[in-house]
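Notes follow the structure.
Residue numbers begin at 1 in each chain, while the letters A, B, ... track the order of the sequences. No hydrogens, no waters, no symmetry mates; every other heavy atom, side chains included, goes into these values.
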Amino acid sequence: MGELRRRQALGILLTYWILTESCAANRSRRGDTLRVRGSDTMLMLAQAWAESYVSVDPTVAVEVSGGGSGQGIAALVKGNIDVANCSRNLQPEEAAEARKNTGKDPQEFVVGYDALAVFVHRENPLEEITISQLAEIYKVGGNLSKWSQLGARIPSGRDRIVRVNRQSSSGTYEFFRDHVLNKEDFQLGSLDMNGSKEVVELIASTPGAVGYSGMAFATGDVKVLRVKGSAGPEAYAPTVSNVLSRHYPISRSLLIYTLGEPRPKVRKYIDWVRSPAGQRIVADVGYVPIAAGGNGVPN
Amino acid sequence: MTRQRLRKGKEVLIEGLIRLCGISATIFVLGIFLFVCREALPLWNTESFHLTEFFFSDQWYPTSEVTKRYGVLAMIAGTFSVTLLAMLLAAPLGVGAAIYISEFCTPRWREILKVVVELLAAIPSVVWGFAGLTMTSRLIVRYTNADVGVNMLNGAVLLTLMSVPIIVSLSEDALKAVPDSYREAALAMGATRWQTTWRVLLPAARNGLAAAMLLGFGRAIGETMAVLMATGHALTIPTSVLDPVRTLTANIAAELGESPVQSTHYQVLFLTGVLLFLITFAVNLSAGLIIRRERRN
């Protein structure tokens with residue numbers, strides 16, 4: 001009996017060894033993994049790229065995770081990932097940190113453009129909003145707190161403006177703070193969501209809500225407002241043409257960062273992302289592709 | 001001879017292992033507490049951090065471009081308001097269910113109800129959070145004049161459902177611990193079932209019921225995922241049950257991953273952890289003391 005059991009144990013061990021060995025062999029044959037992390041705005045896009053990239057280079061597996069632009073940069077600076085997705089520009093302190101930790105300078109690649117769309121509940125009669133009104137709604141000491149102040153009446157009788165916001169590691173949050181609030185603080189008491197999708201879902205079920213996210217997250221459940229900048233008299237919707245013509249006042253570049261000159265496999269991925277094939281996916285997901293050559297950053 | 005010695009050696013070895021298992025919980029608790037304290041400790045020498053601001057300010061701006069401020073008053077208020085509201089709902093519900101299960105229902109129903117209550121305890125908190133986000137919050141928007149569905153009431157309803165199983169099973173134990181002679185004496189005096197329960201059993205089981213509620217409170221105050229999803233995560237000191245709130249636990253969960261390691265923000269989050277640890281420790285300790293006093297009587 002004891003003998004039999006020992007033999008069984010040996011058999012199990014052997015099977016386990018064979019399995020793990022063959023898996024390891026399999027992995028080395030398949031080549032390496034490319035670790036991508038960062039912006040929640042770009043998460044859908046990065047996942048779509050990763051799916052298609054399998055057919056471009058089967059030896060590379062692209063691993064994508066979100067968490068926010070800040071987290072992506074933090075992981076890149078520590079050398080934990082190959083590529084950081086970022087929906088805002090790298091801050092000087094972050095670049096300095098990267099130099100200090102790894103001795104390499106972060107490299108920036110523009111991979112698309114995005115317009116920051118402003119949403120309200122679909123029953124909200126408001127059609128357009130100005131940048132300064134947005135600032136008065138969101139910033140500390142802002143003087144807009146009721147929809148009636150904007151001349152809008154919400155059908156269900158609720159008048160308070162419910163501010164929907166993002167968590168502080170979000171690149172979208174920082175972009176909004178820097179470009180709409182002019183780096184002033186957000187007023188406390190907003191509902192701080194952990195993702196753009198959550199922002200849109202919450203606004204869809206909250207009659208008095210207002211919020212913002214990347215243009216690709218717009219759904220039929222919410223109303224997208226036209227936004228008027230300080231320059232012109234007209235308000236524009238966040239569409240591809242308005243972003244390319246630079247009429248839409250809050251648009252930004254979608255960026256990819258690597259540490260130093262990327263290794264060949266990473267380089268190949270980035271080149272593909274910026275190629276017409278990669279850029280077609282940008283348009284499919286709902287963002288604005290970079291023009292041929294990739295020049296001309298709006299804003 | 002040798003065989004006997006071998007057996008003795010085995011005995012000593014097993015005893016040692018079991019002793020290790022026994023004290024391991026203590027080691028873990030102390031270890032975690034020390035680790036959390038160690039991460040928060042550098043704050044004493046940080047210029048931009050003041051303990052009075054931490055406790056008495058509601059200004060939480062860990063990433064501000066103007067001045068960084070670290071006040072958790074709004075989160076303390078949020079944590080206690082949502083937990084106390086949950087206890088106001090859970091205590092009568094839980095004790096009522098325990099009374100029914102232990103005193104009023106038939107043995108068959110008793111078994112069914114106990115299994116179902118345990119099942120309630122087995123639902124993962126993220127599932128509760130999901131229900132709160134997609135179901136109860138919409139009901140709240142529809143049937144009240146609340147501006148937002150994800151608010152204190154929504155979180156409290158979920159916490160109620162999550163802490164009720166604990167309160168029910170501990171209260172039921174407390175009621176069962178009351179000797180049958182009490183029930184028989186009450187019956188002999190001509191008391192009805194309800195009179196027996198209200199005048200005899202509840203006073204006799206008083207301490208056990210209080211401990212059950214305290215442990216339910218401890219469960220609710222430490223809950224993270226469900227409140228993160230269901231309370232709106234807004235930094236306000238609530239003035240009504242329909243205001244959105246942010247709890248200490250949810251704030252740690254949402255921000256720890258994004259704060260740079262060893263930054264002041266990171267250390268303050270760990271200090272929040274110390275605060276939470278002390279709160280739950282106090283709650284559990286008082287529950288333990290109450291139970292012990294009851295046993296001694």
Side-chain angles (χ1 to χ4, degrees), chain A residues 40 65-75 77-78 91 93-94 97 121 139-140 145-147 154 156-171 173-174 177-178 181-195 198 201-209, chain B residues 57-69 71 73-75 78 130 133-142 144-151 154 225 228-239 242-246 250-251 253-261 263 265-266:
Chain A
D40 178 74
S65 59
S69 301
Q71 273 202 37
I73 296 294
V77 164
K78 275 184 224 144
Q91 287 160 1
E93 306 93 70
E94 288 168 332
E97 181 86 20
H121 193 263
K139 76 178 184 191
V140 164
S145 62
K146 295 198 164 15
W147 287 111
I154 313 291
S156 60
R158 293 169 169 94
D159 196 24
R160 202 164 71 89
I161 300 179
V162 177
R163 288 163 287 131
V164 182
N165 207 342
R166 289 290 308 281
Q167 90 280 14
S168 57
S169 72
S170 152
Y173 169 98
E174 289 189 19
R177 184 181 64 193
D178 295 352
L181 306 192
N182 275 322
K183 303 209 173 194
E184 281 186 67
D185 282 326
F186 279 104
Q187 188 182 340
L188 294 175
S190 55
L191 290 98
D192 303 341
M193 299 291 108
N194 267 329
E198 283 87 343
E201 277 168 9
L202 184 63
I203 293 170
S205 65
T206 309
Chain B
S57 160
D58 63 347
Q59 300 285 305
W60 177 257
Y61 284 107
T63 59
S64 168
E65 292 270 311
V66 189
T67 42
K68 296 185 173 31
R69 278 150 288 167
L73 184 67
M75 293 173 224
F130 199 67
L133 197 63
T134 56
M135 267 166 44
T136 50
S137 73
R138 289 188 189 165
L139 292 178
I140 287 173
V141 169
R142 186 173 307 160
T144 69
N145 63 354
D147 290 315
V148 219
V150 281
N151 56 24
N154 193 27
M225 203 57 218
L228 175 62
M229 293 166 80
T231 57
H233 211 57
L235 274 168
T236 40
I237 293 177
T239 52
L242 297 175
D243 278 349
V245 293
R246 183 185 298 191
N251 188 60
E255 295 189 358
L256 192 59
E258 75 192 37
S259 62
V261 177
S263 64
H265 183 195
Y266 176 88

Query - Verdict with reasoning, B:Leu242 to B:Asp147, per side-chain contact (heavy atoms from CB on, under 4.5 Å) - result: CA-CA 8 Å; B:Leu242 297 175; B:Asp147 290 315; over 6 Å; no

Requested in this report: Mind checking the CD-CG spacing from B:Gln59 to B:Leu73? Nearest 0.5 Å is all I need.
Outcome: 10.5 Å

Query raised in the report: chain B heavy atoms under 4.5 Å from A:Leu202: which part of the residue, side chain, backbone, both or neither?
Result: side chain

**Report entry** When A:Ala74, A:Ser190, A:Ala209, A:Gly208 are compared by non-hydrogen pairs under 4.5 Å with chain B, the top option
**Finding:** A:Ser190

Requested in this report: Drop me the distance from B:Leu235's CG to A:Phe186's CZ, to the nearest 0.5 angstrom.
Outcome: 13.0 Å

Query raised in the report: Which bit of B:Ala146 is near chain A, if near means a heavy-atom gap under 4.5 Å: side chain, backbone, both or neither?
Result: backbone

Report task. Return the option, out of B:Thr231, B:Thr134, B:Val66, with the maximum number of heavy-atom pairs under 4.5 Å with chain A. Result -> B:Val66

Report task. Rounded to the nearest 0.5 Å, what's the gap from CD on A:Glu97 to CD on A:Gln91? Could you check? Result -> 11.5 Å

Query - Interface residue of largest heavy-atom contact number with chain B, from A:Arg158, A:Glu184, A:Gln71, A:Lys78, under 4.5 Å - result: A:Arg158

Query raised in the report: Are B:Asn151 and B:Asp243 close enough, and set up right, to give a side-chain contact (heavy atoms from CB on, under 4.5 Å), and what steps lead you there?
Result: CA-CA 5 Å; B:Asn151 56 24; B:Asp243 278 349; 5.8 Å; no

Report task. Under 4.5 Å, counting heavy-atom pairs only, tell me which of A:Gly189, A:Gly70, A:Pro207 racks up the most with chain B. Result -> A:Gly189

Requested in this report: Check whether B:Val245 gets within reach of chain A through its side chain, its backbone, both or neither, counting any heavy atom under 4.5 Å.
Outcome: neither

Report summary line: Checked B:Asp58, B:Thr63, B:Thr236 vs chain A; the most non-hydrogen pairs under 4.5 Å come from B:Thr63

**Report entry** Portion of A:Arg163 that has a non-hydrogen atom of chain B nearer than 4.5 angstrom
**Finding:** neither

Query - Option in A:Leu188, A:Asn194, A:Thr206 with maximal non-hydrogen atom pairs under 4.5 Å from chain B - result: A:Leu188

Query raised in the report: Which atoms of A:Glu94 come close to chain B, meaning under 4.5 Å heavy atom to heavy atom: side chain ones, backbone ones, both, or neither?
Result: neither

Query raised in the report: Are any of the side-chain heavy atoms of B:Pro62 and B:Glu255 separated by less than 4.5 Å?
Result: yes

Query raised in the report: Can you check side-chain hydrogen bond (donor to acceptor under 3.5 Å, both in side chains) on B:Ser64 and A:Asp185, steps first, answer last?
Result: CA-CA 6 Å; B:Ser64 168; A:Asp185 282 326; 2.6 Å; yes

Query - Sub-4.5 Å side-chain heavy-atom contact between B:Tyr61 and B:Thr67 - result: no

